[in-house]
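Index from 1, following the sequence. All ligand and atom numbering here is 1-based and tracks the order in the structure.
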Amino acid sequence: MAEVQAGRRRRRRRRNEGIVIHDDWAGYSLDLFSYPTHYSGDLDSVIIPHGVIMDRTERLARDIMDDLGDHDIVVLCVLKGGYQFCADLVDQIKALSCSSERTILMRVHFIRLKSYLNDQSTEDLHILGAEDMSFLTGKNVLIVEGIVGTGKTLETLLKHVEAFRPKMIKVAGLLIKRVENRSACVPDYVGFEIPNRFVVGYALDYNEYFRDLNHICVISDSGKKKYKI
Ligand code: IMP
């Protein structure tokens with residue numbers, strides 16, 4: 001029993017970490033991939049190619065299905081950065097629901113958070129479209145977020161959601177950053193743990209640019225200058 005519990009704890013820990021991308025990983029050269037030519041010179045490297053994101057998302061969907069199969073859930077998609085991950089994750093869960101005995105009934109809601117200007121977090125977090133979330137009371141909620149940096153945004157959102165007394169809250173985050181003083185608040189399902197660099201693509205933006213890029217890339221200094229406001 002103790003071994004089984006230790007095994008469960010190990011599995012849980014791995015899910016919390018995701019695939020770890022180390023600080024010394026320089027990423028793939030952009031020349032090895034296709035990407036929109038309007039971003040030439042604006043990116044340093046591809047840190048996670050689109051295909052790898054899709055493969056990892058497929059596995060996260062299976063982990064979620066293992067834990068939550070046969071439940072009804074409300075998916076809370078955190079816009080704008082989480083829209084692509086949420087769409088792909090929901091697609092994968094739907095595919096599993098069609099091909100196995102177990103199934104998850106999902107309803108999807110969208111909320112919008114904004115706390116970053118250029119590449120800096122601001123104290124000013126806005127939650128839009130979430131004033132009344134009483135539809136979450138007594139429900140199983142899966143929050144889907146694109147990236148967690150310091151964790152402050154997630155912490156604030158969790159407090160807001162908890163106030164509506166859902167039955168259960170789980171969080172799926174595609175990326176978590178290794179930042180100093182990260183809040184203890186980490187997603188239950190993590191795609192990748194990445195170095196503390198500003199990344200864009202796959203719906204993650206820098207001042208609204210780069211959402212139209214499939215791979216997750218590191219923005220270059222000249223890219224930051226070009227799109228700075
Ligand atoms: P936190 O409060 O520091 O965890 O920041 C989380 C939010 O900051 C995310 O929802 C994103 O909107 C944004 N963010 C943090 N790091 C990045 C990044 O590297 N690229 C794009 N957005 C980021």
Side-chain angles (χ1 to χ4, degrees), residues 16-23 25-27 35 39 42-50 53 75-89 109-130 142-161 169 171-229:
N16 263 314
E17 276 174 1
I19 295 175
V20 178
I21 298 178
H22 294 283
D23 287 346
W25 164 238
Y35 65 99
Y39 291 134
D42 301 337
L43 302 162
D44 273 344
S45 63
V46 174
I47 190 164
I48 314 173
H50 183 251
I53 303 170
V75 175
L76 207 56
C77 171
V78 181
L79 298 173
K80 294 181 184 177
Y83 85 79
Q84 193 64 64
F85 175 48
C86 186
D88 289 331
L89 186 67
H109 285 269
F110 300 89
I111 53 165
R112 189 167 166 209
L113 303 187
K114 189 152 176 50
S115 65
Y116 265 59
L117 183 64
N118 297 317
D119 59 352
Q120 295 303 313
S121 175
T122 67
E123 291 297 310
D124 209 12
L125 174 73
H126 299 279
I127 306 182
L128 308 167
L142 177 68
I143 296 175
V144 181
E145 168 68 288
I147 186 163
V148 176
T150 59
K152 278 192 227 151
T153 306
L154 183 59
E155 216 174 280
T156 310
L157 177 62
L158 278 171
K159 269 193 211 130
H160 190 75
V161 170
I169 309 176
V171 181
L174 179 65
L175 307 176
I176 56 171
K177 274 192 197 180
R178 267 190 310 281
V179 296
E180 266 176 44
N181 304 324
R182 190 169 67 202
S183 113
C185 208
V186 283
D188 303 279
Y189 307 96
V190 174
F192 304 85
E193 185 191 285
I194 63 166
N196 189 8
R197 295 185 209 143
F198 201 82
V199 294
V200 291
Y202 194 70
L204 299 174
D205 74 311
Y206 177 82
N207 295 333
E208 297 299 330
Y209 289 92
F210 302 102
R211 295 198 203 274
D212 56 337
L213 171 69
N214 280 339
H215 315 293
I216 293 176
C217 298
V218 178
I219 188 171
S220 64
D221 287 341
S222 60
K224 282 188 191 171
K225 264 194 215 127
K226 187 166 161 188
Y227 298 109
K228 196 177 172 94
I229 47 178

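Which of I147, T150, V200, V218 comes nearest to atom 9 (C) of ligand 1 through a heavy atom is settled by distance: it is I147. When the heavy atoms of L79, T153, N196, I216 are ranked by distance to atom 2 (O) of ligand 1, first place goes to T153.
Residue contacts with ligand 1 include D205, since one of its heavy atoms falls under 4.0 Å from the ligand. Under a 4.0 Å heavy-atom criterion, V199 is in contact with ligand 1. Using 4.0 Å as the threshold, E155 has no heavy atom nearer than that to any atom of ligand 1.
When non-hydrogen atoms are compared, ligand 1 lies under 4.0 Å from neither the backbone nor the side chain of L113. Only the backbone of R197 comes within contact range of ligand 1, with a heavy atom under 4.0 Å; no side-chain atom does.
When ring centroids are compared, Y209 and Y227 come within the 6.0 Å threshold.
Partner of P187 under the side-chain contact (heavy atoms from CB on, under 4.5 Å) criterion, out of V148, I143, V144: V148 alone. Each of I19, I21, V199, L174 was scored for a side-chain contact (heavy atoms from CB on, under 4.5 Å) with I48, with one residue passing: I21.
Residues passing the side-chain hydrogen bond (donor to acceptor under 3.5 Å, both in side chains) test with R178, sequence neighbours excluded: D23, E193. Listed by chain and residue number, I176, V179, V186 satisfy the side-chain contact (heavy atoms from CB on, under 4.5 Å) test with R182 (two or more places apart in sequence, or in another chain).
Here is the list of ligand 1 atoms found below 4.0 Å of a heavy atom in E145: 10 (O).
Looking at G151 next to ligand 1, an N or O pair under 3.5 Å apart turns up.
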Yes or no on side chain to side chain contact (heavy atoms under 4.5 Å, CB included) for E145 and F85, after CA distance, side-chain angles and deciding distance?
CA-CA 8 Å; E145 168 68 288; F85 175 48; over 6 Å; no
- Message: Let's go through L213 and L43 carefully: what are the C-alpha distance in whole Å and the side-chain angles of both, what is the deciding distance for side chain to side chain contact (heavy atoms under 4.5 Å, CB included) to 0.1 Å, and is it a yes or a no?
- Response: CA-CA 11 Å; L213 171 69; L43 302 162; 4.0 Å; yes
